[in-house]
Trainee: 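The structure that follows is given in the form of structure tokens.
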Amino acid sequence: MSNYHFFLFFLVSIFNLHFSYSQQQLHISSFNLSTSPWTPLDNQILLSEKSTFAAGFLLTSSTPKLYKFSVWYYNISTITEIWSANNQSPVDETASLEIKNGELTLLNNSSSTNLWPTKPVASTNTTQQLKLQENGNLVYGDSWQSFSFPTNTFLPGQNFSGANLTSNSGKFMFFGKKLGLAGLNDSYYESDHAFLSLDVNGKVSREDGAPFITSDYGDQKLRRLTLDEDGDLKIYSYDQKGGKWGVVWTAVVELCKIHGQCGQSSICMYDARNASTSCLCPPGFKRIPGNEDKCEIKVEMSNLKSTKFLPLDYVSFSSNQTDLKAANFTVCQSFCLNDDKCLGFMFKVDGNSFCKLILDSLLYGYWSPGTEMVTYLRVDSSETERSNFVGMTEVLETTCPVRISLPFPPEESKANTRNIIIICSLFGAELISGLFFFWTFLKKYIKYRDMARTFGLEVMPSSGPKRFTLAEIKDATDNFAKHIGTGGFGDVFMGKLSDGRVVAVKCLKNVTGGDAEFWAEVTIIARMHHLNLIRLWGFCAEKGKRILVYEYVPNGSLDKFLFQSKSSPELQRRKHDDGTEASTIKPVLDWNTRYRIALGVARAIAYLHEECLEWVLHCDIKPENILLGDDFCPKVSDFGLAKLKKKEDIATMPRVRGTRGYMAPECIGPSPITSKADVYSFGVVLLELVAGVRSSQQISSEVDSDQWFLPSWAFDKVYKEMNVDDILDERIKHSYDSRAHFAIVNRMVKTAMWCLQDRPELRPSMGKVAKMIEGTVEIIDPKKPTIFYLDKED
Ligand SMILES: *[C@@H]1O[C@H](CO)[C@@H](O)[C@H](O)[C@H]1NC(C)=O
Ligand SMILES: *[C@@H]1O[C@H](CO)[C@@H](O)[C@H](O)[C@H]1NC(C)=O
Ligand SMILES: *[C@@H]1O[C@H](CO)[C@@H](O)[C@H](O)[C@H]1NC(C)=O
Ligand SMILES: *[C@@H]1O[C@H](CO)[C@@H](O)[C@H](O)[C@H]1NC(C)=O
Ligand SMILES: *[C@@H]1O[C@H](CO)[C@@H](O)[C@H](O)[C@H]1NC(C)=O
Ligand SMILES: *[C@@H]1O[C@H](CO)[C@@H](O)[C@H](O)[C@H]1NC(C)=O
Ligand SMILES: *[C@@H]1O[C@H](CO)[C@@H](O)[C@H](O)[C@H]1NC(C)=O
Ligand SMILES: *[C@@H]1O[C@H](CO)[C@@H](O)[C@H](O)[C@H]1NC(C)=O
Ligand SMILES: *[C@@H]1O[C@H](CO)[C@@H](O)[C@H](O)[C@H]1NC(C)=O
Ligand SMILES: *[C@@H]1O[C@H](CO)[C@@H](O)[C@H](O)[C@H]1NC(C)=O
Ligand SMILES: *[C@@H]1O[C@H](CO)[C@@H](O)[C@H](O)[C@H]1NC(C)=O
């Protein structure tokens with residue numbers, strides 16, 4: 001019976017295949033009176049001159065057969081629809097596109113109304129034709145063009161001004177600079193300036209504002225700006241070699257910030273592992289049956305005088321209330337207690353007295369460590385459930401260095417003990433990663449237990465990093481023949497794997513812990529995927545050796561480019577002539593390249609801090625750890641390694657005196673170190689990118705050498721003396737064109753000043769920093785960074 005069905009199915013498929021190939025598709029270059037009417041069964045398409053785009057009836061559902069009249073990219077393997085005349089109202093096979101009395105009409109049934117937007121007309125016979133331009137613009141008659149009625153996509157060359165995008169489902173809208181739920185006065189993303197256009201290089205121009213660029217800026221590619229079904233606005237570029245679209249810019253980095261991911265009283269959680277979101281009920285709340293993403297309170301608050309608050313770390317809800325600036329937690333709580341409509345309040349732990357009440361309803365809740373927010377949810381005093389959103393204290397301990405307490409690996413390798421170790425260390429890794437939910441843990445525990453049972457330690461899960469043997473590493477590196485550098489964590493060698501990949505092999509020194517612990521850490525590091533992070537391909541833990549295998553980045557590190565000896569060009573040329581020093585002379589990076597490097601590094605660190613639930617702090621951001629790939633695309637290296645350092649090494653961290661290099665002031669004191677320490681280090685790098693010298697190197701004799709602090713000096717030059725020229729890298733000062741470069745240099749300097757603020761809570765989060773450099777948020781004038789005296793603490 002089933003064989004018979006299969007046979008039928010087989011016949012039908014063959015027939016379909018045959019059918020679709022036997023009918024030659026008709027290509028037309030213009031739709032006019034001679035080709036009118038056009039129905040979905042005509043099997044014809046309208047092509048642009050060079051066949052980049054096509055237009056015609058596209059099948060959108062097969063039972064019943066429904067069509068949309070659309071424009072799509074023709075000359076690429078995946079059909080990518082960019083416009084549609086009847087997006088929300090598909091038509092059936094009897095539909096037709098016609099030119100009637102000069103008017104273009106799209107009718108579902110001969111009797112129905114015209115579905116084409118705004119009934120375009122043509123006054124003369126010659127303009128009575130529909131043509132598709134090479135840039136994807138469909139034009140008809142005197143002035144009608146599809147570019148004026150975009151659906152969910154803008155294209156390069158299109159004028160965005162005054163036009164809105166709507167996601168295909170109709171749920172989300174983009175109004176020039178604001179993203180929000182359609183039909184509501186709502187917004188979850190707002191750029192300071194309205195977007196005007198996108199060019200093929202990846203630059204977005206904005207109204208009265210500086211443009212911003214995509215992460216692959218500079219390459220001429222097929223590009224599009226699309227409002228996706230997930231509610232995020234993204235720029236895609238097409239990779240001809242790989243044959244697919246890649247995301248090169250997104251408006252909202254954290255998906256949970258997009259409104260409508262979860263229903264009322266529910267909290268959105270992002271899982272970096274599978275890039276998906278889930279909705280959870282807060283403590284004291286339960287799911288509404290049949291309404292899976294909404295929650296309701298378990299115990300109605302009968303007497304508002306007898307309520308209590310449950311803290312939800314890193315959770316925020318939407319609130320249109322103004323910041324009440326409460327002196328402390330007690331004050332903020334009393335505001336809420338005195339308001340009968342108050343369902344809870346939000347309080348920030350950063351010492352800025354942020355206090356907002358949540359009235360009427362709990363909407364758009366989400367969890368994100370980047371917010372530094374705690375929501376206190378009002379529940380009946382009889383409620384016994386404890387908060388499941390804890391982790392503030394734990395995450396504060398996820399600082400550099402992390403105090404991890406994992407079991408020691410076994411001396412002998414008895415399979416059973418080893419499995420327990422794997423489970424325990426993975427559990428440890430989960431703890432660090434910031435997932436504190438019991439049920440998630442339980443599921444993972446079962447998964448890991450099974451995994452460990454099946455494979456043991458030798459075989460990694462397919463997604464994990466590869467475990468190399470020492471022999472393989474020796475083979476790849478010719479027994480560590482080609483030494484290419486020495487970093488803070490050990491020597492680096494170049495090698496080539498048997499599959500031909502060129503790799504950088506890093507032999508770690510002074511690493512803590514045993515095999516299992518090392519594996520747990522390496523697994524976390526290998527999970528980080530970002531264009532601007534070095535990829536970790538594998539590792540080796542054998543005979544006490546700890547080796548990491550990274551992708552090889554050819555151009556070397558940023559410091560080699562930035563801090564070259566300022567010898568005269570003649571001397572440099574002479575060195576070049578005799579050949580010996582030639583390879584050490586690097587080209588001077590131009591302003592646009594420096595800007596791209598700054599943006600790339602900021603995005604990579606923001607990813608580490610905010611997008612990965614792991615909340616990895618880098619703790620060692622400096623030009624030596626920023627490698628430059630093809631086209632000077634920056635790649636941050638050595639992230640995640642701070643956790644592996646031996647504790648003794650950390651205890652004896654050299655105290656930096658006078659000029660403090662890249663370390664944030666709080667790294668020296670006893671206060672806890674947070675992600676803001678990375679922000680500080682990044683600020684130093686940013687200023688060095690502009691000045692082209694080490695921050696410790698004195699470039700002006702106006703200041704006593706023991707008072708020298710590059711940030712303060714630069715601040716005075718830029719904001720007091722209004723003399724930007726003085727701080728610019730003198731090697732490319734001459735190419736500084738204030739019209740072309742002022743905006744990017746100004747943003748880099750201003751952002752650096754914010755990053756270099758003495759007090760961690762004044763520094764912006766790394767996500768904000770990336771947006772400041774990108775130019776999508778306004779940067780108010782920073783305060784002057786002050787030199788930090790170590791003696792202050794003593
Ligand atoms: C009408 O369309 C057909 C098919 O594309 C084309 O060959 C013809 O030149 C067009 N006529 C005019 C007047 O544009
Ligand atoms: C499609 O693009 C490729 C490469 O960009 C080009 O060689 C080819 O001629 C194009 N085909 C058409 C039909 O335009
Ligand atoms: C067109 O007609 C089909 C059925 O014939 C119907 O399913 C579809 O909704 C109609 N579309 C519009 C826009 O009325
Ligand atoms: C479309 O037209 C046919 C014939 O005129 C009619 O039978 C059918 O009900 C119409 N469908 C719709 C959805 O209007
Ligand atoms: C325009 O088209 C109409 C109908 O096809 C025809 O009667 C008329 O002569 C045409 N006019 C010109 C100027 O070609
Ligand atoms: C874009 O469109 C707006 C109004 O729709 C117009 O004012 C503006 O001049 C256009 N810009 C360009 C560059 O065409
Ligand atoms: C875009 O949205 C704004 C705000 O809702 C509205 O005022 C404007 O008319 C819309 N523009 C178009 C072309 O629909
Ligand atoms: C929409 O909200 C903004 C600020 O939240 C407010 O200024 C504006 O008046 C509101 N518009 C409408 C139509 O409610
Ligand atoms: C993502 O992972 C979480 C837990 O690891 C799981 O609950 C969820 O269903 C996964 N989502 C998808 C889309 O696979
Ligand atoms: C907040 O929104 C509610 C209704 O949703 C409205 O009644 C209230 O006035 C708003 N408050 C402020 C400060 O805008
Ligand atoms: C909170 O601030 C209020 C007013 O400034 C003060 O009276 C109260 O003592 C403070 N409470 C705590 C616990 O610091």
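Throughout, numbering of the chain's residues begins at 1 and tracks the sequence. Remember, it's 1-based here, ligands and their atoms both numbered in the order they're listed.
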Trainee: Is it true that D228 and K234 have a side-chain N and a carboxylate O under 4.0 angstrom from each other?
Mentor: yes
Trainee: Give me the residue, atom name and distance of the protein heavy atom closest to atom 5 (O) of ligand 1.
Mentor: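 Atom 5 (O) of ligand 1 sits closest to the protein heavy atom S30 O, 2.9 Å.
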Trainee: If you measure from each non-hydrogen atom of P64 to ligand 3, which part falls under 4.0 Å: side chain, backbone, both or neither?
Mentor: neither
Trainee: Regarding K325 and D323, does a basic nitrogen lie under 4.0 Å from an acidic carboxylate oxygen?
Mentor: yes
Trainee: If the condition is side-chain contact (heavy atoms from CB on, under 4.5 Å), which residues does T118 pass it with, not counting sequence neighbours?
Mentor: W144, F149
Trainee: Does the side chain of D142 pick up a donor-acceptor pair with the side chain of S123 at under 3.5 Å?
Mentor: yes
Trainee: To which protein heavy atom is atom 13 (C) of ligand 7 closest, and what is the distance rounded to 0.1 Å?
Mentor: G162 O, 3.2 Å
Trainee: Aromatic contact between F69 and F57, with the criterion being ring centroids under 6.0 Å apart: yes or no?
Mentor: yes
Trainee: Could you tell me, atom by atom, which parts of ligand 1 come under 4.0 Å of a heavy atom of S34?
Mentor: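 The list of qualifying atoms is 1 (C), 2 (O).
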Trainee: I'd like to know if K68 pairs up with E81 as an ion pair, taking the criterion as any Lys NZ or Arg NE/NH1/NH2 lying under 4.0 Å from an Asp or Glu carboxylate oxygen.
Mentor: yes
Trainee: Could you tell me whether atom 9 (O) of ligand 1 has at least one protein heavy atom nearer than 4.0 Å?
Mentor: no
Trainee: To which of D92, N108, L66 does the heavy atom nearest atom 4 (C) of ligand 3 belong?
Mentor: D92
Trainee: Nearest non-hydrogen contact with atom 6 (C) of ligand 1 belongs to which option: N32, I28, T35?
Mentor: N32
Trainee: What atoms in ligand 1 come closer than 4.0 Å to a heavy atom of Q129?
Mentor: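 In order of number, 14 (O).
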Trainee: Show me which atoms of ligand 1 lie under 4.0 Å from any heavy atom of S29.
Mentor: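 Under 4.0 Å from S29, ligand 1 has these atoms: 5 (O).
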Trainee: What atoms of ligand 3 come within less than 4.0 Å of a heavy atom belonging to P90?
Mentor: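 Close to P90: 8 (C), 10 (C), 11 (N), 12 (C), 13 (C).
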Trainee: Could you check atom 1 (C) of ligand 7 against the protein and tell me its nearest heavy-atom contact, residue, atom and distance included?
Mentor: N164 ND2, 1.4 Å
Trainee: What do you reckon, are the aromatic ring centroids of F160 and F154 less than 6.0 Å apart?
Mentor: yes
Trainee: Any ion pair linking K750 and D781 (charged N to carboxylate O, less than 4.0 Å)?
Mentor: yes
